[in-house]
Amino acid sequence: MEKTYNPHAIEQRWYQTWEERGYFAPSRAGDANYCIMIPPPNVTGSLHMGHGFNNTIMDTLIRYHRMKGDRTLWQPGTDHAGIATQMVVERQLEAEHRKRHDLGREKFIERIWEWKQESGGNITRQLRRLGSSLDWQHERFTMDEGLSEAVKEVFVRLYEEGLIYRGKRLVNWDPKLHTAVSDLEVLSEEENGFMWHIRYPLSNGQGHLVVATTRPETLLGDCAVAVNPADERYRHMIGELLELPLTGRRIPIIADEEHVDPEFGTGCVKITPAHDFNDYAVWQRHRDEISISEQAHGGLINILTIDAAIRNNEDEEAHLIPEKYIGLDRYEARKRVVADLETQGLLLKVDEHKLMVPRGDRSGAVIEPFLTDQWYVKIAPLAKPAIEAVESGRIRFVPDNWKNTYFEWMRNIQDWCISRQIWWGHRIPAWYDDEGNVYVGRDEAEVRRTHQLSDDYPLRQDEDVLDTWFSSALWPFSTLGWPEQTERLQNFYPTSVLVTGFDIIFFWVARMIMMGLKFMDDVPFHEVYVHGLVRDSHGDKMSKSKGNVLDPIDLIDGIELETLLKKRTSGMMQPQLAKKIEQQTRKEFPDGIPSFGTDSLRFTFAALAATGRDIKFDMGRIEGYRNFCNKLWNASRYVMMNVEGQDCGVGPARTGHSAPASELQRSLADRWILSRLQKAKQAVADAIEGYRFDHAAQAIYEFTWNEYCDWYLELSKPVLNDPNASEAAKRGTRRTLVRVLENLLRLTHPIMPFITEEIWQRVAPLAGVDGETIMNRPFPSRRESLIDEAAEQEMEWVMQFILGIRKIKGEMNIAPAKQVPVLLANASEADQSLALRHRPFLDFLARTESIEVLPPNDHGPESATALVGEMKVLIPLAGLIDKDAEIKRLEKEISRLQGDAERTEKKLGNPSFVDKAPPAVVQKERDKLNENLKALESLRAQLDKIQSL
RNA sequence: AGGCGCGUAGCUCAGUUGGUUAGAGCGCUACCUUGACAUGGUAGAGGUCGUUGGUUCGACUCCAAUCGCGCCUACCA
């Protein structure tokens, strides 16, 4: 084996082997089914830290269950990501100074497919680099044939049940992308703006009302002004008419209790029903009052084009919008409207005002409420069973509190607008004839058949496509073959767990639950593990514009500073930030990023995966875990060196041979490490089952480093190197060395697949273990027969002995290698026999020159002291040790013990503690005090002795 | 406005039904090229657990209030 762990040499090779040999496919046998659906990444996307984290967790679960013998499927696939992907290709066209309309629908879609072919493999290649053991044979894509069938099937069935309908409603309109978007795709942020106070004169010339608005240009579409019926100031005006400024129109004053807050602004609200959701609701409530005034369209006046410019109303009978504003962009129109109001003396004042501005999550454009025809899913009937599924515990959130977020949303859910005015996606399976009739069916032929329309009867398909999340919502069953009743569907639906970030609980999780219950009559998964966001080391969200994005592949492979700089500063939306990003990057990564390998990265993700918490990605951590890999690597190297070609009391694989007990002798250390291993196995399994990957990682780390390496490997040396040690003892130690390592590798494999496979291939034969790959070997389980409390206790004695001497050496500046003579005072029979039995361990790890037992009541010469239980371990001062230093050391130790003893005494002196605390707790305190007092007595005597010199 | 979460060593984080001297890694200090590993070893310094009250024999842990930070949902025109 190489001296230093080198991830690159092993990772690619093993992944290829695993995949080629078909290890990722579900096995035929298995008592239980275990299945996870990958949250499908954007087919043209690239891997980010969130994917890295998410997939590490899933792969750990999958590998763990596969090793446990479950029939395990991790379903791979990608999402067509309608708007996101279309935008990328539109940007490419833009570079050629073309628009999608220049190409036409068909050509444009072809172009997107081309782009998908070109970049589509990227994300899946990167998932492979992470070691993800996905069943690639069955990879799916949301727009592949089967999934498209599923989408149509669902649409048609929902339509037939009346759960999908078409209607003219106010939607969130993205004027840049020219499409409706759902509520979830709108992000509101507080921005600085103004509040304009505008005077609306009464038609009877008897005064005016003042309305306050943040959007004066929408005045052009006002149909009323609303006041609160309880507001004394305006009550007498209700029903009167107002002169709507700039338009020559008259609008009524209406009363609306629900919407108008008399305390806010002037207490008068202009109502613009076609451009504001609340106003639309007001309009619906007061339609009659509003249309009494003979307003065109009943007052529902759309003033904007799809680009959010002021619309031409030439097609209308009345010229509702004055000529001068027509064609102006909404913000230009705002300026003009404000200026004109000012000229006419109708603008009273302008206040600065903070307001929430809604923007499209993809385009960043300010969203307009806009009146259009759209398709909707009637959601309430679907939401009800989905709420119940979580209430009843059929679906469990981890951590539990996310269910509150889920309920909150599900109980206030609005109908889902599923049509999008874009081209990339599943075309809505609806056809129209020239009379405006709508026919819904799986395809045109079916529509003609069921509605008995002749082949030449003109029909055209709806131009719109479905929201991307519509197909994602079907993912847990569409990928398994639905609507066909396939074997995979039977085996793996419902799936076991969904692993995802909280950001898509509404977008995706809730919708999968609704669709799963509706079409499969069962939940899509039993558990939802919700993890946090991966942030940078300062806790900031990673984003291109901040220039703080880390690419998981760069952490795996490493990257030169210059390349990293180029990557972070090229193709930016705001090039002026490049300089700052360059500075930050140079400061944080002066030498670029070293290569850490996949296993280190995965272990880091696991170690940081505390539940319900975002993770700040700290380079120190990944470095530490890279070192851990190196530690494991070198420990294995040591084992190989000592075991290869030697007799380990292990027969060749499958022969079942192992040396008879008489030829095999286990040392204390052997029995101890085997016992500790059993506990580690339990801890790791419990942690993974409970989604505590941080605990799993920690248990592995501590066992490997602090027990196996720090103690056990060291303790194996005196046995293996002692020419006087029996062959049986050596055999026992070799066997333990290699067997524990082999177990440890399997224990670690779910988190770190590559390094464990690489080492296992060499170690397994020596451990007498058969198998082609570690992937399919059983996950280690606790063996009660190997738990040895006596050995653990005895080992504790040995460790205390060694630590005591090391401590004296460390604090006294005695070279660790310096061999010192040791005297034992107050040593019991047991102490003496332990010291004798484990002399080789003590000599080797504490570098003791000699160990001599003093007769009772002999306190020995002036010495430095360590306590092991009641026994005093003495290192004589003579020449070695500074008297004053030892006095100081003792005083420190005494004062610590004394403080402790006082605290305990006080506790025990408190009658209510003794009365009320459980007896076991009281006894524990008593024992502690006893021990303390004995130790104190012993140390004080020692101190007196040295002081009196 | 409502909901959720966080505040523990210089930094990143554990601390599972209240009972430890509050832990780990990184960083820091001193010493050590010992034959698995300097991506290492040994020893050590460092915390009034945001603040204030309360419950309790006992609070990092439970309750209340408060300060600071973050997120989500809905918004006042």
Side-chain angles (χ1 to χ4, degrees), chain A residues 1 3-5 183 188 195 211-215 218 225-226 259-261 263-272 276-279 282 353 355-356 399 401-402 404-405 408-409 412 502-503 505-506 532-533 535 537 539 594 600 607-608 610 612-621 623-642 686 690 692 694-695 698 701-702 705-706 709-710 713-714 717 721 803 806-817 844 847 896-897 899-900 903 907 910-918 920-922 924-925 928:
Chain A
M1 283 172 82
K3 183 171 172 184
T4 304
Y5 158 65
D183 295 345
S188 291
M195 181 80 94
V211 301
T213 180
T214 54
R215 302 203 50 195
T218 62
V225 168
H259 181 49
V260 184
D261 173 8
E263 306 296 316
F264 187 87
T266 60
C268 305
V269 185
K270 63 194 273 306
I271 302 301
T272 320
D276 184 286
F277 289 98
N278 286 312
D279 292 2
V282 173
H353 183 76
L355 70 162
M356 296 296 274
N401 55 293
W402 283 107
N404 298 324
T405 310
E408 181 63 21
W409 190 68
N412 296 299
F502 57 82
D503 47 334
I505 286 186
F506 306 143
L533 224 60
R535 298 168 175 280
S537 58
S600 315
L608 292 173
R613 195 171 179 137
D614 284 353
I615 62 177
K616 290 191 207 177
F617 197 87
D618 181 33
M619 296 300 286
R621 289 296 279 264
E623 206 173 308
Y625 295 128
R626 192 263 328 261
N627 294 352
F628 175 63
C629 289
N630 190 54
K631 190 76 178 175
L632 180 61
W633 182 264
N634 276 292
S636 308
R637 223 158 61 89
Y638 169 80
V639 173
M640 297 295 294
M641 283 166 60
N642 284 285
D686 288 350
R692 290 306 303 260
D694 54 334
H695 288 175
Q698 196 183 355
Y701 187 97
E702 277 174 4
W705 203 312
N706 302 336
C709 291
D710 285 353
L713 293 193
E714 292 308 314
K717 289 173 186 174
N721 297 336
L803 289 171
R806 279 179 183 170
K807 195 166 167 177
I808 292 170
K809 284 185 175 175
E811 288 176 17
M812 294 294 167
N813 272 328
I814 301 170
F844 185 70
R847 306 277 181 237
R896 190 182 64 80
L897 282 171
D900 212 30
R903 259 193 306 279
K907 229 182 206 180
N910 181 349
S912 39
F913 171 69
V914 182
D915 287 352
K916 294 187 183 173
V921 173
V922 177
K924 201 173 149 197
E925 291 296 319
K928 195 166 92 183

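Letters go in sequence order (proteins before strands), and every chain restarts at 1.
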A.B. asks: Would you mind classifying the nucleic acid contact of H695(A) as base, sugar-phosphate or nothing, using non-hydrogen atoms under 4.0 angstrom?
C.D. replies: sugar-phosphate
A.B. asks: Within the pair R613(A) and rG15(B), is there a side-chain N or O less than 4.0 Å away from OP1 or OP2?
C.D. replies: no
A.B. asks: Nearest whole angstrom, please: distance from the P of rG40(B) to the CD of E623(A).
C.D. replies: 9 Å
A.B. asks: Looking at every strand, decide which applies to L803(A) at a 4.0 Å heavy-atom threshold: base, sugar-phosphate, or nothing.
C.D. replies: sugar-phosphate
A.B. asks: Would you compute the distance between atom NE2 of H353(A) and atom OG1 of T214(A) and round it to the nearest 0.5 angstrom?
C.D. replies: 6.5 Å
A.B. asks: Would you mind reading off the distance between D614(A) atom CG and rA14(B) atom P, rounded to a whole angstrom?
C.D. replies: 11 Å
A.B. asks: Using whole Å, what does the distance between atom C1' of nucleotide rG23(B) and atom CG of N706(A) come to?
C.D. replies: 12 Å
A.B. asks: Applying a 4.0 Å non-hydrogen cut-off, can you work out what A226(A) is touching in the nucleic acid: base, sugar-phosphate, or nothing?
C.D. replies: nothing
A.B. asks: Once rounded to the nearest 0.5 Å, what's the spacing between atom OG of S636(A) and atom CE of M1(A)?
C.D. replies: 5.0 Å
A.B. asks: Just jot down the ring pair (Phe, Tyr, Trp, His ring centres under 6.0 Å) partners of F502(A), sequence neighbours excluded, or say none.
C.D. replies: W402(A)
A.B. asks: Within this structure, what is the CD1-NE2 distance for the pair I271(A) and H259(A), rounded to the nearest 0.5 Å?
C.D. replies: 5.0 Å
A.B. asks: To the nearest Å, how far apart are R626(A) CZ and rG40(B) P?
C.D. replies: 8 Å
A.B. asks: Reckon P911(A) touches a base, only the sugar-phosphate, or nothing at all at heavy-atom distances under 4.0 Å?
C.D. replies: nothing
A.B. asks: Check whether K616(A) reaches the backbone of G539(A) with its side chain - one donor and one acceptor, N or O, closer than 3.5 Å.
C.D. replies: no
A.B. asks: Would you measure the distance from the C1' atom in rU48(B) across to the matching atom in rU73(B) and give it in whole Å?
C.D. replies: 39 Å
A.B. asks: In dot-bracket notation, what is the pairing pattern of RNA chain B, taking Watson-Crick (N1-N3 plus N6-O4 or O6-N4) and G-U wobble (N1-O2 and O6-N3) contacts under 3.5 Å, with [ ] crossing and | for other strands?
C.D. replies: (((((((..((((.....[...)))).(((((.......))))).....(((((..]....))))))))))))....
A.B. asks: Can you find a donor-acceptor N/O pair under 3.5 angstrom joining the side chain of R621(A) to the base of rU12(B)?
C.D. replies: yes
A.B. asks: Considering every strand and a 4.0 Å limit on heavy-atom distances, what is the contact class for F506(A): base, sugar-phosphate, or nothing?
C.D. replies: sugar-phosphate
A.B. asks: Could you check how far CD1 of I505(A) sits from C1' of rG5(B), rounded to whole Å?
C.D. replies: 13 Å
A.B. asks: Produce a footprint string for nucleotides 30-36 of chain B: one letter per nucleotide, 5' end first; B if the base is under 4.0 Å from any protein heavy atom, S if only the sugar-phosphate is, - if neither.
C.D. replies: ------B
A.B. asks: Specify the separation, in whole Å, of atom CG of N401(A) and atom P of rC4(B).
C.D. replies: 9 Å
A.B. asks: Between rA45(B) and rU12(B), how many Å separate the two P atoms, rounded to a whole number?
C.D. replies: 24 Å
A.B. asks: OP1 or OP2 of rU12(B) sitting under 4.0 Å from any side-chain N/O of K616(A)?
C.D. replies: yes
A.B. asks: Does F617(A) reach a base, just sugar-phosphate, or nothing at all? Heavy atoms under 4.0 Å.
C.D. replies: nothing
A.B. asks: Could you tell me how far rA9(B) sits from rU61(B) if I compare only their P atoms? Round to whole Å.
C.D. replies: 15 Å
A.B. asks: Would you mind classifying the nucleic acid contact of E811(A) as base, sugar-phosphate or nothing, using non-hydrogen atoms under 4.0 angstrom?
C.D. replies: sugar-phosphate
